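Here the structure is laid out as structure tokens; the discussion comes afterwards.
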Amino acid sequence: AENLGGEENVARHHARGKLTVRERIARLADPGSFQEIGKAIGGATYEDGKIKSFTPAPEVAGVCTLNGRRVVVNGGDFTIRGGASDAMPYGSISRGHSAVQFAMKWRLPYIMLLDAAGGSVRTFEHIGRTYAISNMGGTAESAMLGMMPVVAGVMGSVAGLPAVQACISHFSVMIKDTSVLFPGGPPVVKAALGYDITKEELGDYRTQVYGSGAIDNLAENEEEAFSMMRRFLSYLPDNVWQMPPRIEPTDDPNRRDEELLSIMPRDRRWPYDPYEVLDHILDRDSFFEISPFYGQSRIVGLARANGYPMGVMINNPNFLGGSMDVTAGAKTGRFLKLCNTFHLPLVYFVDEPGFMVGLKEQKKGIVRDGARMVHITTQTTMPWLTFVISQIYGVSGQLNLRPTGMHRRYAWPSGNWGSMHIEGGARAAYRREIDAAPDPEAKRKEIEQRLKALASPFRTAEAFSIEDIIDPRDTRPLLCDFVETAQKVLKTQLGPVMVPMYGP
């Protein structure tokens, strides 16, 4: 079994710059911790009662530890018929199914190291027939998402069923120069649609990380991918019945960085770096971003405050002004469900100008996707803290605060808000008055100035439409206090949660 697909196939695999599945597990796991399940599964030929040859199943599965925590890992072996998922129709499927069942019964995180070409027509000759497709495996894999963390590494050429499995996960990563992902490769595209395309053009990181967002993160090499998997899991519990793990903090929870007083420009047209905002508030070097190249107007990720793990969101004004388009909405919705499933408190630093407008986003379905975001937000139950650091406008602005459960909202003095921006709103609401004026442009500016005089956040606070306006330097102490307090609430929420996969 340890010979995998044979010396020649292993050498060809290495020549592509790829590790074998056993080498991958050895690099990922704590040294010496891997315990294999079903090592003898495969196909053997016998002569005079003795084994003449043996072809192992095209995957390796078992249990290991990552930083001392036990996980289940299942990896595809591309050196055996390209890791075809039906290369060993009975043994292979039962092995993968056993790994899933083991993770579910023992309530352990599940890691897939995908490097497989899916089904193959060669199997028809091998078994002497075709076979009807079922979805028994997909049912179990989908059920896992509500119980324990599922991580997918796209380690090579991944097609068919393994490509779908990559997306049935909470976090996925692919390798920049060696990974491709698609339901059907170039030969299938040629047969179905009649044009030629390379596998890189069809499904490398440019398509799947930057374009479709099907894969969350991009690693430069396999070692970095393993590091991302370990780090992602470090913020999450083993399962939904356990609390997210705290680490001993090394950062003062009462730290008050003076830079926060001037980090927001007084002229709202000027840019700022949202990552700097996070650096001054979260535990130092604790932020782990998810899907950084997709839906870039919203930054999401995992971090810690006083050692406690939590989810973090902040608008990115350097992309689409921070407004939510369809891609940012898809990323945000998925992230909210992750935090809710694993009982992570959420902090949102808001600079939301509203849903992205214009014909392009309309054709993509921004109205329906916006409604879905509102629906998902209202269904979440994890503790939620909001800091309004700049603007909240329109329907998308509603997403700064979940109206039920444990929540709190603060605003910086730089906050401004409303149902619509004054500039565009004045033109719409006062159109007749503006058009009838001797100088319409001067009249528009006069009306806008009149409305802006009412836009002070302190006027809003007087009416208790915003709860508190704070010194920005107090943000970290308030965050750490909130997350500490949230732990008691989270303990009452342990177990599976029901958040609809799709909204309206």
Side-chain angles (χ1 to χ4, degrees), residues 1-6 9-10 13 19-46 50-66 69-120 122-123 126-127 131 134-141 143-144 147-148 150-153 155-156 158 160-162 164-166 168-169 229 238:
E2 292 185 1
N3 289 330
L4 304 174
N9 287 340
V10 169
H13 190 77
L19 299 172
T20 66
V21 61
R22 293 189 178 278
E23 289 168 339
R24 285 168 179 158
I25 292 174
R27 302 283 182 91
L28 172 67
D30 294 344
S33 68
F34 181 58
Q35 301 173 13
E36 191 166 352
I37 299 172
K39 190 171 187 177
I41 295 175
T45 59
Y46 291 85
K50 296 182 179 180
I51 291 180
K52 183 179 180 181
S53 65
F54 178 73
T55 302
E59 59 185 335
V60 175
V63 185
C64 65
T65 61
L66 268 61
R69 291 176 57 189
R70 194 175 296 271
V71 302
V72 177
V73 60
N74 186 23
D77 183 2
F78 201 82
T79 69
I80 301 174
R81 276 187 47 194
S85 58
D86 55 1
M88 292 289 176
Y90 302 109
S92 177
I93 291 175
S94 66
R95 188 177 202 190
H97 185 67
S98 293
V100 170
Q101 292 299 321
F102 192 97
M104 293 179 69
K105 289 177 181 177
W106 289 80
R107 297 181 176 179
L108 296 174
Y110 184 66
I111 299 177
M112 298 175 283
L113 302 178
L114 299 166
D115 193 358
S120 170
R122 282 181 173 268
T123 299
H126 181 69
I127 65 176
Y131 56 90
S134 70
N135 193 31
M136 295 302 294
T139 301
E141 289 164 354
M144 276 201 302
M147 291 187 282
M148 65 277 300
V150 179
V151 173
M155 312 306 294
V158 177
L161 175 61
V164 175
Q165 290 173 322
I168 305 178
S169 64
M229 294 177 198
D238 287 350

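None of these values were measured; they are calculated from a predicted model. The figures that follow rest on heavy atoms only: side chains count, while hydrogens, waters and symmetry mates do not.
Of all heavy-atom pairs between Leu114 and Gln165, the closest is CD2-OE1, 3.9 Å. Of all non-hydrogen atoms in Ile168 and Val150, the two that sit nearest each other are O-CG1, 3.6 Å. Closest non-hydrogen pair, Gly153 versus Met229, comes out as CA-CE, 3.5 Å. The two residues Met148 and Asp238 make their nearest non-hydrogen contact at CB-O, 3.4 Å.
A heavy-atom distance below 4.5 Å is not found between the side chains of Val151 and Ser169. Looking at Val63 and Val73, their side chains never come closer than 4.5 Å, going by heavy atoms from C-beta outward. Annotation: side chain of Val100 is in contact with side chain of Tyr110 (closest heavy-atom distance under 4.5 Å). Within the 4.5 Å cutoff, the side chain of Ile80 has heavy atoms near those of the Thr55 side chain.
In this structure, the side-chain hydrogen bond (donor to acceptor under 3.5 Å, both in side chains) partners of Thr20, at least two apart in sequence or on a different chain, are Glu23. Looking at residues two or more places apart in sequence or on another chain, you find a side-chain contact (heavy atoms from CB on, under 4.5 Å) between Gln35 and Arg70. Ser33 pairs by the side-chain hydrogen bond (donor to acceptor under 3.5 Å, both in side chains) definition with Thr65, not counting sequence neighbours. With sequence neighbours left out, the ring-ring contact (aromatic ring centres under 6.0 Å, His included) criterion links Phe102 to Trp106. Scanning for side-chain contact (heavy atoms from CB on, under 4.5 Å) contacts around Ser53 gives Thr45, with sequence neighbours left out. Taking the side-chain hydrogen bond (donor to acceptor under 3.5 Å, both in side chains) definition, one finds that Asn3 meets it with nothing, sequence neighbours left out. For Lys105, the side-chain contact (heavy atoms from CB on, under 4.5 Å) test picks out Gln101, with sequence neighbours left out. Ala1 meets the side-chain contact (heavy atoms from CB on, under 4.5 Å) test with Arg22, Lys39, Phe54, Pro56; sequence neighbours excluded.
Remark: side-chain polar atoms of Asp77 are not paired, donor with acceptor, to backbone N or O of Pro58 under 3.5 angstrom. Of the possible donor and acceptor atoms, none in the side chain of His13 sits under 3.5 Å from a partner among the backbone N and O of Phe78.
Here the CG atom belonging to Leu28 is positioned 6.0 Å from the CG atom belonging to Leu113, to the nearest 0.5 angstrom. Rounding to the nearest 0.5 Å places CD1 of Ile111 at 5.0 Å from CG of Leu66. With values rounded to the nearest 0.5 angstrom, Met112 atom CE is found 12.0 Å from Glu59 atom CD.
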Between Asp115 and Val21, is a side-chain contact (heavy atoms from CB on, under 4.5 Å) present by the stated rule, with each step listed?
CA-CA 8 Å; Asp115 193 358; Val21 61; over 6 Å; no

